[in-house]
Amino acid sequence: MQTSRIPGFYKQTVTKRRELLKNVEAFTEEAFHVLSSPEPLPLDTADNMIENVIGTFPLPLGTGLNFLINGKEYIVPMVIEEPSVVASASHIAKIVREAGGFTTEATERVMIGQIQVVGCTDFHKAKAALLYAEDALIEQANASYPSIVKRGGGAKEIDVRILNEDATSSYQQMLVLHLYINTCDAMGANIINTMVESLAPTVEALTGGKVYLRILSNLADRCLARATCTVPPHLLKTGDFSGEEVRDGVIHAYEFAASDPYRAVTHNKGIMNGIDPVVIATGNDWRAVEAGAHAYAARDGQYTSMTTWSVDAEGNLVGELELPMSVGIVGGSINVHPMAKAALDILHASSAQELSQVIVAVGLAQNLGALKALATDGIQKGHMALHSRSVAIAAGATGELIDIVSKKLVEINEIRVGKAKELVEEYIK
């Protein structure tokens, strides 16, 4: 891809936007065909993906522009119904690219499978027996899924924990084995579940207990992705607000979220506004990513901000976001859904690690966009201006009338369906 910087992109028609993306080599001919198809998810494909299918439910697919991550250009596919998110992420990406772009990194792709054991007569002896048999257990797990081993992944190590040992109820007492698995470029749910299922009889024999749950954990804290950015104050200047005022407002907003769970929930929802659309677009499990992210935000005992914002010695605004990122570029619906394949084609991510790094960069951008808006004109001004088009459509406006009604709603600062209906009726007359 040549560049992710396409000025005036939002002003173009949908058809023209596709052509512009094709011109900068953002995707292949096959992806262009899928994007232009009147039925991007064929009904027969949908019918084989889940049960009781009666149709499909389309959502808007937009593109986050201007992203420069580790020196590489990215056009980011984003699936979301909420207005202002794509615009905000693209706006902040433009600011950050002027400061050198986002810097990201990711840990090794290690996911966790859990095996729950109850009814042990001696939990400590049971734990010791499992740890002593680690090599044999890893070999057995890998034998159950040899294809992932051939790709350089597979089970790598185990850990064993005793939970609620002193509890009075036998229902609470348990031993939990963690199997750590490198799933390569797959999210790996099927790989993980197959491996832990295969170990259940051996674990029972070694511990003398009974195995109940054997399943993956979505708190993938050994599969982390991290994004950082450093922004000089002059790039943050907004209207009558100086860059330093915006910078300080962002940090005050962050400290609020870091200190108060009630604020942190909304703060983090804004971060997930950037993350979820990319996860959905690429065919990944956004529920798993959400669950892992929120659990990680509470890992120290209190639910807090997923991001951190600070000022460095030069007075620059510095942001960081680190999250578990259990995503893949192969397997599951990724290989089945035509739009997911097209989205990955647009993104040009060659590995699951790279995809995870792009995702956290978008999350960090979206967070800065929200905090910047809150620190200046407030969140409603830009959001409601973009929302006005949806209000106009809900009121019955079509074609050119959508823009006319939308602009009038913004002009009179009365963005509601009732007023939009009045305007539609007035213009039709």
Side-chain angles (χ1 to χ4, degrees), residues 105-120 123-163 174-225 284-285 287-289 291-292 295-296 299 323-335 350-357:
E105 58 184 351
T107 63
E108 188 181 11
R109 296 270 313 158
V110 177
M111 299 287 289
I112 302 170
Q114 294 186 296
I115 301 176
Q116 176 198 33
V117 189
V118 303
C120 300
F123 281 101
H124 289 279
K125 285 186 177 180
K127 176 179 178 178
L130 290 174
L131 291 173
Y132 185 77
E134 179 176 16
D135 291 344
L137 290 169
I138 290 173
E139 183 178 352
Q140 182 180 343
N142 285 331
S144 73
Y145 219 105
S147 62
I148 192 66
V149 179
K150 291 178 181 177
R151 296 199 293 272
K156 301 297 182 182
E157 61 178 299
I158 70 168
D159 186 22
V160 184
R161 297 180 297 138
I162 299 172
L163 304 183
M174 67 190 73
L175 177 149
V176 178
L177 182 148
H178 277 197
L179 181 66
Y180 297 105
I181 306 161
N182 183 338
T183 59
C184 298
D185 283 327
M187 183 271 187
N190 290 331
I191 298 168
I192 299 162
N193 293 339
T194 297
M195 285 188 172
V196 291
E197 288 276 4
S198 75
L199 294 183
T202 303
V203 169
E204 286 188 336
L206 288 168
T207 62
K210 180 174 176 57
V211 168
Y212 274 89
L213 273 64
R214 50 272 196 201
I215 190 169
L216 85 163
S217 170
N218 288 128
L219 180 51
D221 58 4
R222 291 200 178 188
C223 185
L224 300 173
N284 279 284
D285 186 347
R287 284 95 42 202
V289 172
Y296 197 67
R299 65 191 181 279
L323 288 176
M325 201 50 59
S326 53
V327 294
I329 61 170
V330 295
S333 62
I334 297 167
N335 292 342
S350 59
S351 69
Q353 277 187 320
E354 185 179 356
L355 172 60
S356 69
Q357 291 174 69

When you compare the side chain of [Y] with that of [X], does any pair of heavy atoms fall below 4.5 Å?
X	Y	answer
I181	M195	yes
E134	Y132	no
L163	L175	no
V203	V117	yes
C223	V110	no
M187	V330	no
L224	L323	no
D285	S326	no

Query raised in the report: Do we get K127 above F123's six-membered ring, with its NZ or CZ under 6.0 Å from the centre and within 45° of the axis?
Result: no
If only atom types and distance count, is the side chain of [X] paired as donor or acceptor with the main-chain N or O of [Y] below 3.5 Å?
X	Y	result
R161	D159	no
E197	N193	no
N284	G328	yes
Q357	Q353	yes

Heavy-atom closest pair, residues [X] and [Y]:
X	Y	result
P324	A220	CB-O, 3.3 Å
L219	A295	CD1-CB, 3.9 Å
A352	C184	CB-O, 4.0 Å
I138	I158	CG1-CG2, 4.3 Å
L199	A141	CD2-N, 3.9 Å
A200	V211	O-CG2, 3.7 Å

Query raised in the report: Out of curiosity, I191 CD1 to I148 CD1, how far, rounded to the nearest 0.5 Å?
Result: 4.0 Å
Query - Worked verdict on T202 versus Q140 for side chain to side chain donor-acceptor pair (under 3.5 Å) - result: CA-CA 9 Å; T202 303; Q140 182 180 343; 2.9 Å; yes
Report summary line: The single option from L177, N142, L131 that satisfies side-chain contact (heavy atoms from CB on, under 4.5 Å) with L137 is L177
Report task. May I have all residue pairs that pass side chain to side chain donor-acceptor pair (under 3.5 Å) and include part of residues 106-119, sequence neighbours excluded? Result -> E108-N182, Q114-H178
Report task. Can you run down the salt bridge (charged side-chain N to carboxylate O under 4.0 Å, His left out) pairs that involve residues 148-158, sequence neighbours left out, and say none if there aren't any? Result -> E157-R222
Requested in this report: Can you establish whether the number of heavy atoms outside N190 located under 6.0 Å from its atom CG is more than 12?
Outcome: no
